[in-house]
Each structure stands twice: as C-alpha cells, then as structure tokens.
Trainee: 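One structure coming up, written as structure tokens, with questions to follow.
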Amino acid sequence: MFSENLHFFEKLSIFLIETKIPHEKIKFLKNTISLKGGFIVTNPSTADVILTILKSPARISRYIGSETRKPIVSIEWVDKCVSKGARIEFVDYLIRGIEEDAMDWTTVEEEEEDQDLFDEDSNSSSSRSPIYTSENEHSDDGRDVDLDPRFLNTSYECLRPTPLKPKFNAKLVELLEVIERAREVNDQWRNALSYRRAIAVLKSYPRDIISHKEIKKIRGIGSKIGYQIESYLRTGTITEAEHILQDKRFHTLELFASIFGVGFKTALSWYRKGYRTIEDCKNHPNLTKAQQLGLQLFDDLREKTLPQNSPFSKRRMSREDVEEIYNIIKENVKKLDPGCVLQPVGGYRRGKELNGDLDLIISHPDEERVPSLLNDVITTLTEGGYIKNLLYRARSESRTGIIDHLEKCFVAFLQPSTQIKRQVDFIIATQSQFASALVGWTGSRQYERSLRRYAKREKKMVFASHGLFTNTKPRILIPTSTEREIFDILGVPWLEPEMRNC
DNA sequence: AAAAC
C-alpha cells in the first residue's frame, strides 16, 4: 500500500568527489540527488555522506582532508537507489565506514612512485568493483562477455602486435584520440597517457568491443575511460570528444603546438596572452631561434603534431615523397663515403602512409669515421642545395638538451618535385649502437615507452637508443648487433615494425 | 622548454 518514496534522498547532504567521474555522470548524479530531495554540499565536514568513484584511500583523503567521520560510498549506490526507487543501505557500497580506524588510510602514498610507468587510470582487473552500471540498467550492451582469447591482456604494449590501422574499434579509437590530444595540449600528460594506453588496447583488440563488461576486464583501461567507452556503446559517440572538436581553444592550442620550437607549455602561455593566429605568434617579443625558424617555415613544416584530418595539415608526405628524399640523400651520402649505412626509421618504417618527417639513421663500420660523419653529410647536402635550414642539433658530448646520447641533426630539406621544405632528422650511430638506434627510433612513442618499462621492471635492464645496459650502479653495456638480438635478450616477442604502432 | 621515437 506504500507508494514509491519519490524523495528517497530527503534531507541527505552529500559531498561529491568529482574527480574521475565523467561530466555526463556528474550531471546525472547532481540532478538525481536534488530531484530526490537530497543536496550537494561543498564542504565534506557538513556532509552526511561522501560519494566518490575513487578507490584508493590515499587518493580520497586528498579531497576530504582529515575528515574521517563520514561514510565514504561508491557512486554506484546512487544508481542502485534509483533502480530500487528507495534509499538503500550503504553496506555493499561502502569504501570506508565510520567506525573504521583512520590510521591505515591517511598513511601510504607510495602507489604514486611509478608515475611514469603506471597509468593512474588503470587497475588490476581482479580487484575492480562493478562501477560501470549505467543509469540504464536494461541497455543491451551489458552482457557478460569474456575477453577475446587471442588478446594478450597485458599492460606492456610491446608484448602484443598493434597494427597501424585497427580493423576494429576504429571510431572509438578516433574519439579517444581526440580526448588524448586535448589532454596533451592542456599539459595533462599523465591523463593523456591513460588515453594513449586505452587506445593501444583498442587498436590491438582482435574484435569490436561489444560490452562494457568486457572492457572492465582489460588491463590499462580504468574507470573513467571505461565509462566513456560504455557511453560510446550506448550512444555511438563520446560527448566530450564532440565538444572538444567544437572547441576553438583546442584547435588553436593544437595549431600553436604544431609550430617547430613550440611545445604545449608555450602554446598555452601564448593562448593566455591572447594570441589566436600564427601572425599573432610572429609578433611575440622574445622568440627563440627555433621558434623563429618554426614560424618562418610554418607553411612548409606545419604538420608536426597535427593529425591527418586536421584542417591545418595538408603537407604530410606520402611514401613516395619520403622515398624521393631518401634516394637523394642516399645517393649523395654514398658518393661522400661508400662505407656509410643508411636506414630510414620512424613512422615511415612502421608503414605509415602519411609522414610528418623522415627519420634517418646513418652509420659507418669505421668507428673513427663516425665523429665527422654528420658534419660531412650536412655539408654535402647543403652544398647540393637540399638542406635549407638547420632546425636542431645535438652533439653526443653535450649533456643537456639532448634527447638521447646519439648525435643528431634536424634539418629543413627542399624536396625537388614539390619545392616544399620537409623535416629530415639525421641520427648518427656507431656500428655497435646501430641495433639499439634502430629499435629506439622506429617507435612508436608508446611502443618505446612500454619497451623501456618492460626492460627495467621485468629484466632489470635499461634500454636506450644508444645501447642496452644492465640496471646496475655502473651500467654495463650489453653488446647487441641486430634488432632481433635485442628482442631476444629482453625476452619480448619479435614484432615487425608495422606491428609496433601502439 | 624544446627537439625525437
């Protein structure tokens, strides 16, 4: 005879930790709470209950400070109340009850030490609670689906093949890439990394994701991205990605960061100064040497970080463009010294159709010849009228401002057929460095990241583009002569360059 | 801070 209690949150004051909850979901929670008679408070000490999606006590304590006398409850509790039409007990949703001792949870913060290495948004699949329950309990994407057995569920991307163009989940990958770029351009690299890793999973997954239950079993996809994927499965899109694509600020930041010599921090600071166009940037008072060149050559080199479908990137190189340039360089370098060994690397070697630059390793069997090699190559190609500008140069002996210990030079190279200046990166390696330079400069960025992490954590070795070392006090070089040998020593499966596109 | 994978 009782009708449903429509105000089952009556007089309940709630403090909501919004961190890691997708915007949509926050809106839904706030709406539901006030609709059902509850209210949101901005101070945890005035709340009856604290709602969160977070699971790490150390993490939660950052948002509620020393407040330990309140129950902390998972946001799923709200979903459950809605579906039951009544306020239900906290018990099954308690992250921390009131009686519990505050001691064990204001302590440890060590989980963060591996920041570069571990995705803050990831979790081990076993310890995960079912947080993906949507407001729509009857959506048909909720089937419990096992992971595809062909998929290697690991957080090391270098252990599984990742093709350049995913056969599955392509639209989803595209949307998540938008969000990843937005994070990157906003200088949230840790968060961008979370997306990067989720994208890598989806690109290597051997079939379309069909259920959010499937997603939560995958290592490397945490709660927030899991939610976004769930909403993608329901609606066919991710609203945040759609919003980003409409956002002028995002496009401007991407444009600025695509200037050679301008990174995300500078792009942000210029945007905050009110700059909106490339012309605005040109008037900036103290441009660095690199930025002056980047702006001067902007129309030639504009493709640095811009994705293929960006309105600003029309000048990426086809494989034929790259080959034209490569053949010219090869001819001239061989004429200079027939002993030189040339090896194109980077995205071109991984099979990319459209490339922003050409990365080229040059080596020589004679160690004595190597130190003068780069100068000679640059001189020859400059005299030949090909190299028009030097963009960046790093000598192996300089200790600061060096990407790795290999000598290298980035130049603007005039492509004869198009008369467009293209970026060519020369990397010099001795014969003993050649194999690791090959592995290190073929990429992808994410592949290299996971390879180094795997070497360090699983094998107690340090992999760098100039060599493989033991991870000991004085590092000891482990000699390698081929790419396969490096893979064997590290114990990672051999992957063709085309399968390192994570 | 930026250049690279």
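In what follows, chains carry the letters A, B, and so on, assigned in the order in which the sequence lines appear, proteins first and then strands, with residues in each chain numbered from 1.
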Trainee: Checking side-chain polar atoms at under 3.5 Å, does Q433(A) have a donor or acceptor matched by the opposite partner on T430(A)?
Mentor: yes
Trainee: Between K352(A) (NZ) and dC5(B) (P), how many Å, whole number?
Mentor: 8 Å
Trainee: What is the distance, rounded to the nearest whole Å, between atom CG of L495(A) and atom P of dC5(B)?
Mentor: 19 Å
Trainee: Among dA3(B), dA1(B), dC5(B), which nucleotide sits nearest the side chain of D359(A)?
Mentor: dC5(B)
Trainee: Taking the minimum atom-to-atom distance to the side chain of E448(A), which one of dC5(B), dA2(B), dA4(B) wins?
Mentor: dC5(B)
Trainee: Quick check for you: among dA3(B), dA1(B), dC5(B), whose closest atom lies nearest to any side-chain atom of Y392(A)?
Mentor: dA3(B)
Trainee: Looking for any heavy atom pair under 4.0 Å, which part of the strands does T442(A) touch: base, sugar-phosphate only, or nothing?
Mentor: sugar-phosphate
Trainee: Take atom CD of E407(A) and atom P of dA3(B), then tell me their distance rounded to the nearest Å.
Mentor: 20 Å
Trainee: Should T266(A) be listed as having a side-chain N or O under 4.0 Å from OP1 or OP2 of dA2(B)?
Mentor: yes
Trainee: Does anything in residues 458-471 of chain A pair up under salt bridge (Lys or Arg N to Asp or Glu O under 4.0 Å), and if so which pairs, sequence neighbours excluded?
Mentor: none
Trainee: Does some side-chain heavy atom of I325(A) sit less than 4.5 Å from a side-chain heavy atom of M317(A)?
Mentor: yes
Trainee: Kindly state each residue pair satisfying salt bridge (Lys or Arg N to Asp or Glu O under 4.0 Å) with at least one member in residues 268-278 of chain A, sequence neighbours excluded.
Mentor: none
Trainee: Between P on dA1(B) and CG on N286(A), what's the gap in Å once rounded to a whole number?
Mentor: 15 Å
Trainee: If I take atom CG in residue N355(A) and atom P in nucleotide dA4(B), what distance separates them, rounded to the nearest angstrom?
Mentor: 14 Å
Trainee: Of the candidate nucleotides dA1(B), dC5(B), dA3(B), which contains the atom at the shortest distance from the side chain of R445(A)?
Mentor: dC5(B)
Trainee: Using a cut-off of strictly less than 4.0 Å, decide whether Q291(A) has a side-chain nitrogen or oxygen near OP1 or OP2 of dA3(B).
Mentor: no
Trainee: I need the CZ-C1' distance between R350(A) and dA4(B), as an integer number of Å.
Mentor: 11 Å
Trainee: Scan R349(A) against the nucleic acid and name what it touches under 4.0 Å (heavy atoms): base, sugar-phosphate only, or nothing.
Mentor: nothing
Trainee: Counting heavy atoms from C-beta on, name the nucleotide in dC5(B), dA4(B), dA1(B) closest to the side chain of Q423(A).
Mentor: dA4(B)
Trainee: Mind calculating the distance between CZ (F410(A)) and P (dC5(B)) to the nearest angstrom?
Mentor: 7 Å
Trainee: Can you tell me how far P of dA1(B) sits from CH2 of W189(A), to the nearest Å?
Mentor: 14 Å
Trainee: For D359(A), is there an ion pair with K408(A) - N to carboxylate O distance below 4.0 angstrom?
Mentor: no
